[in-house]
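Because the structure is predicted, anything quoted here is derived from the model rather than measured. Just so we're on the same page: letters track the sequence lines, and every chain starts at 1.
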2 protein chains.
Amino acid sequence: MTTRDKLLDATASLLATDGLAGVSARSIAARAEVNQALVFYHFGTVSELVEAAVRRSVDLAVATYRDRLVDVSSVAELLTLGRELHRTERDRGNVAQMAQVMAGAQRDEALAAAARYAMQQWSREVELALRRLLPGTPLDGAVDPRGLARAVSAGFIGLQLYDGVDPRGAGTALGALDELAALVAALEGLGPVATRAVRSRVRKAAVTPERRKS
Amino acid sequence: MTTRDKLLDATASLLATDGLAGVSARSIAARAEVNQALVFYHFGTVSELVEAAVRRSVDLAVATYRDRLVDVSSVAELLTLGRELHRTERDRGNVAQMAQVMAGAQRDEALAAAARYAMQQWSREVELALRRLLPGTPLDGAVDPRGLARAVSAGFIGLQLYDGVDPRGAGTALGALDELAALVAALEGLGPVATRAVRSRVRKAAVTPERRKS
DNA sequence: GTCTATACAGAGATAGAC
DNA sequence: GTCTATCTCTGTATAGAC
């Protein structure tokens with residue numbers, strides 16, 4: 001194992017467990033069991049090391065879930081997979097890394113770049129799944145898959161942060177999402193008649209003066 | 001205006017604009033135009049000052065929206081209000097403060113306490129609104145209002161963080177939520193027959209072996 | 001590539017005069 | 001309550017030997 005990899009691993013795990021506040025050249029080097037000066041030799045600055053570590057974590061995580069996502073055949077299954085993803089990531093810490101990097105992005109351009117990259121990678125995969133699954137449901141045509149994918153991805157970040165602060169509260173939140181998943185599953189089974197009924201109502205609602213731009 | 005209040009204001013605004021990384025006894029004192037040592041005289045530690053500032057911000061923000069929330073008479077209106085809340089808070093920065101504090105809570109007990117308090121205050125208000133509005137919709141009885149309120153609140157945090165990193169992407173996400181709001185409005189209008197149909201399907205789905213505990 | 005040593009800035013926090 | 005001065009620690013980063 002190269003020093004570079006040791007540093008990347010140490011950074012990723014520190015970021016997930018202690019948050020950005022616990023990440024420093026010294027703490028990283030200690031966990032990686034290498035000399036502190038090597039952080040700067042290999043990555044220039046601490047921020048750039050964090051950026052590299054997050055990019056690698058995201059690439060790995062997204063690649064893992066890509067295979068799972070293409071097997072999904074309904075919105076309900078997608079929600080179930082999302083639930084499992086949260087559980088796995090709570091332990092593995094990839095989403096926690098994203099959350100930390102997004103929070104730290106306010107003052108640090110390298111972190112901001114990492115955060116944008118991470119969101120883009122996840123949103124892209126979710127969007128592909130949605131584009132495949134929404135046709136045939138009442139949501140098709142009514143909701144922009146691109147925007148929805150981003151909303152879902154961002155929502156996950158928030159849930160993960162909440163989980164770090166109040167695991168029990170986050171548990172009830174996830175339970176509610178399970179229940180919502182069941183509801184969506186039921187909607188999926190309603191068939192084309194109901195779908196058309198819902199859609200015509202959506203169209204009417206879209207014309208109300210409530211609608212304003214961003 | 002007392003020194004205490006100057007410090008609280010300065011902390012809240014710094015937290016919202018520069019994030020936790022930009023918050024220090026010196027930076028706070030500079031923005032408040034008071035002596036640095038007064039941070040410790042009045043609040044003991046920087047973390048405790050941040051905690052106090054966030055608690056105050058949350059109390060103020062929640063009080064503002066409490067009146068608005070009791071006027072809401074449908075789930076669709078609730079979603080519209082949520083959309084407006086996001087827009088307002090993007091500028092005012094209350095939710096950004098929460099996001100920063102949640103991210104920093106990993107290593108700091110005072111921040112963790114502030115984060116839990118903030119989530120609890122917001123979730124409570126949303127839950128009350130949901131309990132009032134869900135009866136009569138297909139979601140009634142199918143989704144735990146307590147859990148849903150927390151999921152929604154946490155989701156907001158994620159969206160706000162995302163907005164700080166990629167405002168355009170966050171814009172499309174919010175657009176999708178607008179569209180979802182329209183869809184829910186349509187569902188609300190479907191009436192008791194459809195409600196019962198959906199509910200019976202939900203009950204069936206809830207018995208499948210997919211169901212596991214947290 | 002790796003190590004030691006060190007410069008230097010900024011952080012939290014306190015003592016003591018006023 | 002407020003101010004000056006200061007201590008100490010931690011963090012980033014670099015120089016230079018190996």
**Q.** NZ/NE/NH1/NH2 to OD/OE distance under 4.0 Å, B/R150 and B/E127
**A.**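 Between B/E127 and B/R150 there is no salt bridge, as every charged N stays at least 4.0 Å from the carboxylate O atoms.
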Heavy atoms, side chains only, cut-off 4.5 Å: are [X] and [Y] in contact?
| X | Y | result |
| --- | --- | --- |
| B/V126 | B/F156 | no |
| B/Y162 | A/I157 | no |
| B/T45 | B/V50 | no |
| B/E84 | B/R68 | yes |
| A/E89 | A/Y65 | yes |

Q: Step by step, work out the salt bridge (Lys or Arg N to Asp or Glu O under 4.0 Å) result for A/R168 and A/D163.
A: CA-CA 8 Å; A/R168 296 186 57 170; A/D163 194 56; over 6 Å; no
Between [N] ([atom2]) and [X] ([atom1]): distance, integer Å:
| X | N | atom1 | atom2 | value |
| --- | --- | --- | --- | --- |
| B/L7 | D/dC3 | CG | C1' | 14 Å |
| A/L38 | D/dA13 | CG | P | 15 Å |
| A/K6 | C/dT2 | NZ | C1' | 11 Å |
| B/E33 | D/dT2 | CD | P | 14 Å |
| B/F43 | D/dT2 | CZ | P | 11 Å |

Q: Using five base pairs at each end, measure the axis-to-axis angle across the helix from C/dG1-D/dC18 to C/dC18-D/dG1 and round it to 10 degrees.
A: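 Inter-axis angle at the ends, rounded: 0°.
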Q. With the sugar-phosphate defined as primed atoms, P, OP1 and OP2, and the base as all remaining atoms, what B/S/- string results for nucleotides 4-18 of chain C, 5' to 3', for protein heavy atoms under 4.0 Å?
A. B------BBBB----
**Q.** Main-chain N/O of B/V54 paired to B/Q97 side chain as donor or acceptor, under 3.5 Å
**A.**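 Not confirmed, B/Q97 side chain does not pair with B/V54 backbone.
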